[in-house]
Number of protein chains: 2
Amino acid sequence: MVVRMATMSDGDVDAIFHALADATRRDIVARVIEREQSVSSLAAAYAMSFAAVQKHVAVLERASLVVKQRRGREQIVHADPATLERARLLLERLETLWRHRAAAIDRVLAEDPET
Amino acid sequence: MVVRMATMSDGDVDAIFHALADATRRDIVARVIEREQSVSSLAAAYAMSFAAVQKHVAVLERASLVVKQRRGREQIVHADPATLERARLLLERLETLWRHRAAAIDRVLAEDPET
DNA sequence: ATAATATACAACCAAATGGTTGTGCGAATG
DNA sequence: CATTCGCACAACCATTTGGTTGTATATTAT
């Protein structure tokens, strides 16, 4: 199956990195990657109000890093690893840029040493 | 040469992702990767005040994504690709976690199908 | 039917963000 | 020396963030 990567708007990328810029949210992502779980089960893990955790999950959801799925009266939070990959690919692209630049510099230096 | 990766505090990671959560700042990183340049030469590229760009560079600097180096009256902004790599490695670790989980699920499913 | 549970959501607050303008100061140029 | 250039920094402002509490709603359990 081929999946076309939708072109990401700046806003999407902003949302992803912003969501990852908080230790609690990164921890939530790690937890739901290991095992999907309800919002309240997540909330139990942190020294803050339920509503605060709920908001963190909402931020992750807006960034498409997690998805919520209702099950009875619970809301189960799943990871969406595709979004993580998108973010990683962006960083990889920047690193590639760097390697190309470094290679270009090397070429120039090798070309005409001490002329 | 062996480089020991200093353990990153949550705050460091927060700073890196926060710095990347803005299109202007990501663009600045890309530009200085391609060619290091002065703050004012960067500022010329954006439709905002010099001070605003200066602040963006400061955010990137706090995150160690760029380094400034004085040259005469100019301040030359360089990329620090090591920090980019750190961020990428973090995302990779999360993705690895996911792959392990997926593998564990596969194992369970294969173990006892339809008992 | 009542109570308890899981979530949603609004209102509120302090602090941080992302922008502005203005002021000052060291370095280069005329 | 006077001026201009590149930058730093402070003050200010609107908006967003990350937390709180309180209220409402739907679902399960007694």
Side-chain angles (χ1 to χ4, degrees), chain A residues 9-32 35-79 87, chain B residues 9-32 35-79 87:
Chain A
S9 78
D10 279 354
D12 295 339
V13 182
D14 289 5
I16 295 174
F17 284 121
H18 169 251
L20 291 171
D22 178 283
T24 302
R25 287 194 292 262
R26 286 191 301 276
D27 194 69
I28 290 177
V29 170
R31 278 173 191 269
V32 303
R35 188 170 75 77
E36 49 225 29
Q37 55 199 289
S38 68
V39 179
S40 44
S41 122
L42 282 170
Y46 305 99
M48 65 183 83
S49 69
F50 175 86
V53 174
Q54 211 179 352
K55 279 193 188 178
H56 281 304
V57 171
V59 170
L60 291 168
E61 203 182 5
R62 263 188 285 134
S64 299
L65 283 163
V66 306
V67 175
K68 281 192 303 189
Q69 188 186 356
R70 198 160 210 91
R71 202 174 62 194
R73 65 182 159 189
E74 293 184 329
Q75 198 79 263
I76 306 300
V77 184
H78 305 247
Chain B
S9 78
D10 279 354
D12 295 340
V13 182
D14 289 4
I16 295 174
F17 284 121
H18 170 250
L20 291 171
D22 179 284
T24 302
R25 287 195 292 261
R26 285 192 301 276
D27 194 69
I28 290 176
V29 170
R31 278 173 191 269
V32 302
R35 189 169 74 76
E36 49 223 30
Q37 54 199 290
S38 70
V39 179
S40 44
S41 121
L42 282 170
Y46 305 99
M48 64 182 84
S49 70
F50 175 85
V53 174
Q54 212 178 350
K55 280 194 188 180
H56 281 304
V57 172
V59 170
L60 291 168
E61 204 181 4
R62 264 188 285 135
S64 298
L65 283 162
V66 305
V67 175
K68 282 192 302 190
Q69 187 187 356
R70 193 152 215 97
R71 200 174 63 194
R73 66 182 161 191
E74 293 183 331
Q75 199 77 266
I76 306 300
V77 183
H78 306 245

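Every chain is numbered from 1, with letters handed out A, B, ... down the list of sequences. Here the structure is a predicted model, which means the values were calculated and not measured.
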Write down the atom of [X], the atom of [Y], and the distance for their closest heavy-atom approach.
{"X": "Arg26(A)", "Y": "Leu20(A)", "result": "NH1-O, 2.6 Å"}
{"X": "Val53(A)", "Y": "Tyr46(A)", "result": "CG2-CD1, 4.2 Å"}
{"X": "Arg25(B)", "Y": "Ala19(B)", "result": "NE-O, 2.9 Å"}
{"X": "Arg31(A)", "Y": "Gln37(A)", "result": "O-NE2, 3.6 Å"}
{"X": "Leu60(A)", "Y": "Ile28(A)", "result": "CD1-CG2, 3.6 Å"}
{"X": "Asp14(B)", "Y": "Ala23(A)", "result": "OD1-N, 3.5 Å"}

Atom pair distance, as rounded to whole Å: [atom1] in [X] and [atom2] in [N]:
{"X": "His18(A)", "N": "dG18(C)", "atom1": "NE2", "atom2": "P", "result": "9 Å"}
{"X": "Ile76(B)", "N": "dG6(D)", "atom1": "CD1", "atom2": "C1'", "result": "10 Å"}
{"X": "Gln37(A)", "N": "dT5(C)", "atom1": "CD", "atom2": "P", "result": "19 Å"}
{"X": "Asp22(B)", "N": "dT17(D)", "atom1": "CG", "atom2": "C1'", "result": "15 Å"}
{"X": "Glu74(B)", "N": "dC25(C)", "atom1": "CD", "atom2": "C1'", "result": "17 Å"}
{"X": "Gln69(A)", "N": "dA6(C)", "atom1": "CD", "atom2": "C1'", "result": "16 Å"}
{"X": "Arg26(B)", "N": "dG18(C)", "atom1": "CZ", "atom2": "P", "result": "12 Å"}

List in numerical order all residues of residues 38-52 of chain A for which some heavy atom is under 4.0 Å away from an atom belonging to DNA chain C.
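Ser38(A), Val39(A), Ser40(A), Phe50(A), Ala51(A) - these, ordered by number, are the residues of the stretch whose heavy atoms sit under 4.0 Å from the strand.
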
Near DNA chain C, under 4.0 Å by heavy atom, which residues of residues 54-64 of chain B?
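Those residues are Lys55(B), His56(B).
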
Give the B/S/- string for nucleotides 23-30 of chain D, one per nucleotide from 5' to 3', where a protein heavy atom under 4.0 Å of the base yields B, of only the sugar-phosphate yields S, and otherwise -.
----BBS-

Spacing of Ile76(A) atom CD1 and Arg35(A) atom CZ [to the nearest 0.5 Å]:
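It comes to 9.0 Å.
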
Count the heavy atoms belonging to other residues, nucleotides or ligands that lie under 6.0 Å from CZ of Arg70(A), then report whether that count exceeds 12.
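Yes, because the 6.0 Å sphere around CZ of Arg70(A) holds more than 12 heavy atoms from other groups.
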
Are side-chain heavy atoms of Val39(A) and Phe50(A) found at a separation under 4.5 Å?
yes

Heavy-atom side-chain contact between Met48(A) and Thr24(A) under 4.5 Å:
yes

Using modelled atom types and a 3.5 Å cut-off, is there a donor and acceptor pairing between side-chain atoms of Ser40(B) and backbone atoms of Ala43(B)?
no

